[in-house]
Amino acid sequence: MAKVRHSRFDCAPGCSVEAAVGLIDGKWKSVILFHLLDRTLRFGELSRILASVTPRMLTNQLRELEEDGLLVRTVYPQVPPKVEYSLSPLGRSMEPVLMALKAWGDANIGRFGKPRGIDLRERQSPPAPAGQTAGGHQWAKFDPAPIEVIPDDLE
């Protein structure tokens with residue numbers, strides 16, 4: 001199902017924030033814009049920089065950014081076709097916003113990233129059914145440690 005794009009805003013307090021966030025919502029849009037701050041990039045370069053994004057998702061996010069006027073897609077008529085993406089003046093005007101998000105993220109990454117000193121693989125989780133994978137990892141047989149029950153009168 002296609003995402004509903006840009007509804008009318010009621011101009012209540014916060015309306016302008018809603019409008020601004022609506023342009024860069026999506027998992028990859030702000031990251032794409034951030035990388036385009038430095039230079040013009042081709043699709044393959046963006047794919048390498050954003051290694052975990054699928055080609056389809058990257059294409060969709062680029063199309064939406066282009067539709068919203070935040071980036072410019074330039075196609076060079078050659079074989080094979082050469083396509084470059086760069087920020088439009090409107091996209092370039094988001095630089096202070098993106099840099100503020102980066103600064104905030106740099107200052108707070110420890111709160112939201114992987115906890116330091118804890119290997120998440122050591123945590124026990126419920127098992128996946130035998131022979132299936134969960135999160136791309138093969139599950140070992142789940143063997144919880146025995147639970148010691150302490151009688152109430154010994155506490």
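Given the structure is predicted, the values throughout are model-derived calculations rather than measurements.
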Output the distance between atom [atom1] ([X]) and atom [atom2] ([Y]), rounded to the nearest 0.5 Å.
{"X": "L71", "Y": "R63", "atom1": "CG", "atom2": "CZ", "answer": "12.5 Å"}
{"X": "S88", "Y": "E66", "atom1": "OG", "atom2": "CD", "answer": "10.0 Å"}
{"X": "I24", "Y": "Q61", "atom1": "CD1", "atom2": "CD", "answer": "11.5 Å"}
{"X": "L23", "Y": "E18", "atom1": "CG", "atom2": "CD", "answer": "11.0 Å"}

If Ile, Leu, Val, Met, Phe, Trp and Tyr residues are connected whenever their side-chain heavy atoms lie under 4.5 Å apart, and connections chain through other members, are [X] and [Y] in the same group?
{"X": "L101", "Y": "V21", "result": "no"}
{"X": "L90", "Y": "V72", "result": "no"}
{"X": "V17", "Y": "V97", "result": "no"}
{"X": "M57", "Y": "L70", "result": "yes"}

Quiz item: Can you find a pair of side-chain heavy atoms, one from W28 and one from L58, that are under 4.5 Å apart?
Solution: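 When only atoms from C-beta onward are counted, L58 and W28 do not touch, as no gap falls below 4.5 Å.
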Quiz item: Does a side-chain heavy-atom distance below 4.5 Å link R73 with V83?
Solution: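 Yes. Closest side-chain heavy atoms under 4.5 Å.
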Distance-only donor-acceptor hits, side chain of residues 31-48, under 3.5 Å, sequence neighbours excluded:
{"residue": "E45", "atom": "OE1", "partner": "R42", "partner atom": "N", "Å": "2.6"}
{"residue": "S47", "atom": "OG", "partner": "F43", "partner atom": "O", "Å": "3.1"}

Practice problem: Might you point out which heavy atoms bring S30 and L98 nearest each other, and give the distance in Å? | Solution: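 Result for this residue pair: O-CD2, 3.8 Å.
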Quiz item: Taking atom NZ of K82 as the centre, does the number of heavy atoms from other residues, nucleotides or ligands within less than 6.0 Å exceed 12?
Solution: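 Count over threshold, so yes.
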Quiz item: Judged by modelled atom types alone, do E84 and Y76 share a side-chain donor-acceptor pair under 3.5 Å?
Solution: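 Distance-only check passes for E84 and Y76.
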